[in-house]
Amino acid sequence: MAKRFWPVREYHANLLKEETGWVRKEPGGRLNVALLYPNTYQVGLANLGLAVIYDMLNQRADTLCERAFLPDRAGLKIQQKAKAPLLTLESCRPLDEFDLILASISFENDYPNLVRMLEMAGLDPWAEKRNGPPVIAGGVAMMLNPEPLALLMDGFLLGEAEVILDPFIQALEEAPTESREELLLHLSKNAPGFYAPMFYTPLYHPDGRLKAFTPSQGLPERIKAPKYTGPAKGMAQSVFQSKGPELADMKLLEVGRGCGHGCRFCAAGHIYRPPRLGHADDFMEPALEAAKNGDKIGLVCAAASDLEGIDHLASEVIRLGGKISVSSLRADRLGDDLVRALAQSRHQTVALAPEAGSPRLRRIINKHLTEEDLAGGVEKLIQGGVPNIRLYFMVGLPEETEEDITEMIGLIKRIRQQVVSLSRARGYLGRVTISMNAFIPKPWTPFQWQPMAPLKTVKKRMNRVKKELAGMPNLKIVADVPKYAELQAVLSRGDRRLAPLLLTLAKDPNPQRAFAALDLDPGFYADRKRMEDELFPWDFVDHKITKSYLLAEAKRAEQEKQSPDCNPAKCTRCGVCGHEKA
Ligand code: SF4
């Protein structure tokens with residue numbers, strides 16, 4: 001076999017030559033796990049979820065873990081020429097030689113890639129028909145709503161890897177192996193956060209809405225998704241580093257999980273509750289270690305600029321010769337030292353996310369950000385030496401009108417003018433880049449009942465912004481492709497009836513052709529306003545957050561009222577911290 005697949009081996013060897021952090025163990029006498037990332041090596045290498053699972057499994061003496069990525073264009077050509085199935089990166093073994101296949105999935109639009117990978121591995125994508133190792137999926141997209149993959153996976157791990165992976169491996173090692181059903185039942189009963197769709201039966205109303213979701217075999221109606229409660233320094237860090245792939249040249253440190261600001265569109269801000277933000281001191285040691293080698297340190301968290309002591313940490317990294325990068329910055333939380341460190345790390349552009357152009361819409365989404373905050377952040381960045389600014393906006397937000405778009409255009413003009421004036425005074429002309437994304441209603445957010453704005457409206461409004469700002473110097477506008485946003489909207493709130501769509505997309509990624517071929521109305525999933533008492537396909541996952549809280553927040557959004565930030569010491573509003581106390 002080694003000879004037969006040598007071009008693939010050579011291709012993998014060249015990737016591994018540039019990479020640090022990978023492990024290769026002898027397969028004998030231990031559980032062999034193939035870990036799939038449903039996108040290319042370039043996209044997935046820096047994924048922290050993948051790194052945590054790989055590291056935890058390879059730390060165990062009784063387990064071995066190797067990765068498999070979706071081959072990129074060059075890799076696919078080599079694989080096809082060698083007539084090879086999908087092979088793991090480390091030992092170039094086919095997936096059916098492993099005892100278990102895990103998939104780590106962060107993004108809905110990667111689901112068809114997972115189907116492609118199973119097919120490339122020679123495995124049937126339908127769980128019911130598949131022989132070979134069990135295929136279990138986890139990751140944030142699964143925690144939100146695993147149902148679109150329910151007929152394709154044998155099971156799911158719902159929760160955070162730090163607390164569910166070891167008990168799962170232990171339960172797997174003790175499980176009966178006579179039949180797949182017995183194995184999955186044992187895991188369902190003994191591994192926290194484990195969900196096997198075969199034991200849960202959905203029933204639908206004639207109009208297609210979910211009517212009931214019934215467990216069998218004495219399993220619970222809802223499955224708790226356990227969360228990590230240990231020290232902040234125990235959160236994720238990058239394991240692999242390499243020069244080429246996106247973000248993989250950085251030492252990534254997860255400095256917090258979740259976010260307490262309660263933006264109503266943000267799923268991470270809801271399922272990762274309570275927010276667990278460390279202190280900069282927790283990360284000083286690994287950050288300074290990397291800085292001494294001249295590395296770039298990436299601080300990762302949905303609310304990274306909230307990290308107490310971040311200015312000191314950033315200054316220390318620079319002092320020792322490193323560089324710093326921060327995954328998300330709030331315009332109203334920018335310290336001078338942090339900005340200086342970003343500039344000294346040669347960031348040409350720093351991004352801020354007003355998300356909506358009008359104060360009214362920002363209240364509706366609970367953004368807690370005024371135009372003064374935004375302008376203050378922009379001024380701090382330009383004066384601190386960051387040359388250019390990127391601003392993120394969403395189009396198609398709930399309650400959005402043409403007037404909000406007019407206000408967005410006005411805001412962009414004012415910020416552009418501000419950047420040009422401030423940068424001119426510093427002897428150059430700064431640039432503003434606008435990133436427009438379609439709003440996608442996500443499960444577990446107060447907007448989970450909302451329709452996505454019709455594609456036509458999203459396109460029209462994006463085009464209006466582009467047209468009215470066309471030709472303006474020092475301003476660039478980039479917009480996502482609405483048809484892929486619609487697909488994401490379908491998949492994020494979809495159910496198990498979408499399996500044929502995923503199989504079709506695995507062959508041809510064009511969503512509109514796939515909807516037409518299957519006579520599937522994307523509007524049922526994407527553009528439909530849900531009834532208040534509608535049962536959702538993801539309701540059976542228990543993140544502790546109550547549906548009544550989400551609905552109350554949805555009503556506050558309608559009333560254009562903001563809600564306060566999280567305060568876990570005192571607040572029991574959403575049910576998460578109340579649960580802890582109970
Ligand atoms: S109970 Fe309050 S503080 Fe705790 S996660 Fe929910 S909103 Fe935040």
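When a residue number appears, it is its place in the shown sequence, counting from 1. When a ligand or atom number is given, it counts from 1 through the structure's own listing order.
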task: Return yes if a side-chain donor-acceptor contact under 3.5 Å exists between Tyr525 and Asp495, otherwise no.
output: yes
- prompt: Do the charged groups of Glu399 and Arg363 touch, with an N to O distance under 4.0 Å?
  reply: no
Looking at [atom], what's its closest protein heavy atom, distance included?
atom: atom 6 (Fe) of ligand 1; answer: Cys574 SG, 2.3 Å
atom: atom 7 (S) of ligand 1; answer: Arg273 NH1, 3.3 Å
atom: atom 8 (Fe) of ligand 1; answer: Cys566 SG, 2.2 Å

Give the numbers and elements of all ligand 1 atoms closer than 4.0 Å to a heavy atom of [X].
X: Cys571; answer: 1 (S), 2 (Fe), 3 (S), 7 (S)
X: Thr572; answer: 1 (S)
X: Asn567; answer: 3 (S)

- request: May I ask you to test the Phe393-Ile412 pair for a side-chain heavy-atom distance under 4.5 Å?
  value: yes
message: Any non-hydrogen side-chain atom of Leu307 less than 4.5 Å from a side-chain atom of Cys301?
response: no
- line: Residues Asn113 and Pro38: closest non-hydrogen pair is ND2-O, 2.8 Å
- prompt: Got an N, O or S from Cys577 under 2.8 Å of atom 6 (Fe) of ligand 1?
  reply: no
- prompt: For the residue pair Phe536 and Trp449, is the inter-centroid distance of their aromatic rings smaller than 6.0 Å?
  reply: yes
message: Any atom of ligand 1 sitting under 4.0 Å from a heavy atom of Gly260?
response: no
